[in-house]
Amino acid sequence: MTTATLPPAPPRGAPGCCGPAATGAADPDAARELARTFKALADPTRVQLLAIVAAQEGQEACVCDLTGPVGLSQPTVSHHLKILVDAGLLTREQRGRWAYYSLVPGALARVARSLTETAGS
């Protein structure tokens, strides 16, 4: 078996092998907001719920229609939906006994744009 050897590090003060490191840092508030959104999307059930709502006509679904596709109880689904609402991805409207969830217009595009802007800072 052969072992790979790494090339020697450049001497101190010598130019690095890559271009200069990015000097701008992401705005801390924007980074926190983006992290909260990604934390909400880090759960496969929440990604599935968001996709189901987004695929519905009018991008709206009743919580009663969301339990079956994910195979979870209504309280568990409601908990996941609340996290998506808190992250600004869905809105919630109470209609009588049931809660209806809608995709926030432009929410997914905003997440993509925020990531691009944060990475480019």
Side-chain angles (χ1 to χ4, degrees):
M1 172 161 53
T2 61
T3 57
T5 57
L6 297 174
R12 281 193 182 268
C17 63
C18 304
T23 57
D27 173 60
D29 292 332
R32 268 190 292 282
E33 184 65 28
L34 191 57
R36 184 173 68 133
T37 300
F38 281 122
K39 186 175 179 181
L41 293 172
D43 185 284
T45 298
R46 291 193 282 270
V47 172
Q48 189 178 8
L49 289 167
L50 188 64
I52 293 168
V53 172
Q56 299 302 306
E57 186 175 332
Q59 297 182 327
E60 174 184 81
C62 177
V63 69
C64 63
D65 296 325
L66 297 171
T67 57
V70 294
L72 297 171
S73 68
Q74 185 273 322
T76 302
V77 170
S78 291
H79 168 74
H80 285 297
L81 292 167
K82 181 184 183 321
I83 292 170
L84 292 169
V85 168
D86 290 346
L89 298 167
L90 295 177
T91 59
R92 179 184 186 276
E93 181 184 341
Q94 190 72 34
R95 296 183 197 159
R97 177 178 172 184
W98 295 107
Y100 286 78
Y101 292 85
S102 301
L103 188 65
V104 171
L108 300 179
R110 186 183 74 244
V111 171
R113 188 174 53 253
S114 295
L115 180 60
T116 303
E117 290 169 358
T118 299
S121 294

State the [atom1]-[atom2] distance between [X] and [Y], to the nearest 0.5 angstrom.
X	Y	atom1	atom2	value
Cys64	Trp98	SG	CH2	5.0 Å
Arg113	Leu34	CZ	CG	11.5 Å
Gln56	Ser102	CD	OG	10.5 Å
Leu90	His80	CG	NE2	13.0 Å
Leu84	Leu41	CG	CG	6.5 Å

Are [X] and [Y] packed together at the side-chain level, in the sense that at least one heavy-atom pair is separated by less than 4.5 angstrom?
X	Y	result
His79	Thr76	no
Val111	Leu89	yes
Leu49	Leu81	yes
Leu66	Leu72	no

Please name the pair of heavy atoms, one in Ala54 and one in Leu103, separated by the smallest distance, quoted to 0.1 Å. CB-CD2, 3.9 Å
Quick check: closest heavy atoms across Glu33 and Ala87, and the distance to 0.1 Å? OE2-O, 4.3 Å
Which of Val63, Asp65, Thr45 passes side chain to side chain contact (heavy atoms under 4.5 Å, CB included) with Val77? It is Val63
Donor-acceptor under 3.5 Å ([X] side chain, [Y] main chain):
X	Y	value
Ser78	Gln74	yes
Arg110	Pro105	no
Gln94	Gly96	yes

If you group Ile, Leu, Val, Met, Phe, Trp and Tyr by side-chain heavy-atom gaps below 4.5 Å, do Val104 and Ile52 land in one group? no
Inspect the contact between Glu60 and Arg95 and indicate whether a charged nitrogen and a carboxylate oxygen are less than 4.0 angstrom apart. yes
What do the steps show when you test Ile83 against Arg46 for side-chain contact (heavy atoms from CB on, under 4.5 Å), and what is the final call? CA-CA 8 Å; Ile83 292 170; Arg46 291 193 282 270; 3.3 Å; yes
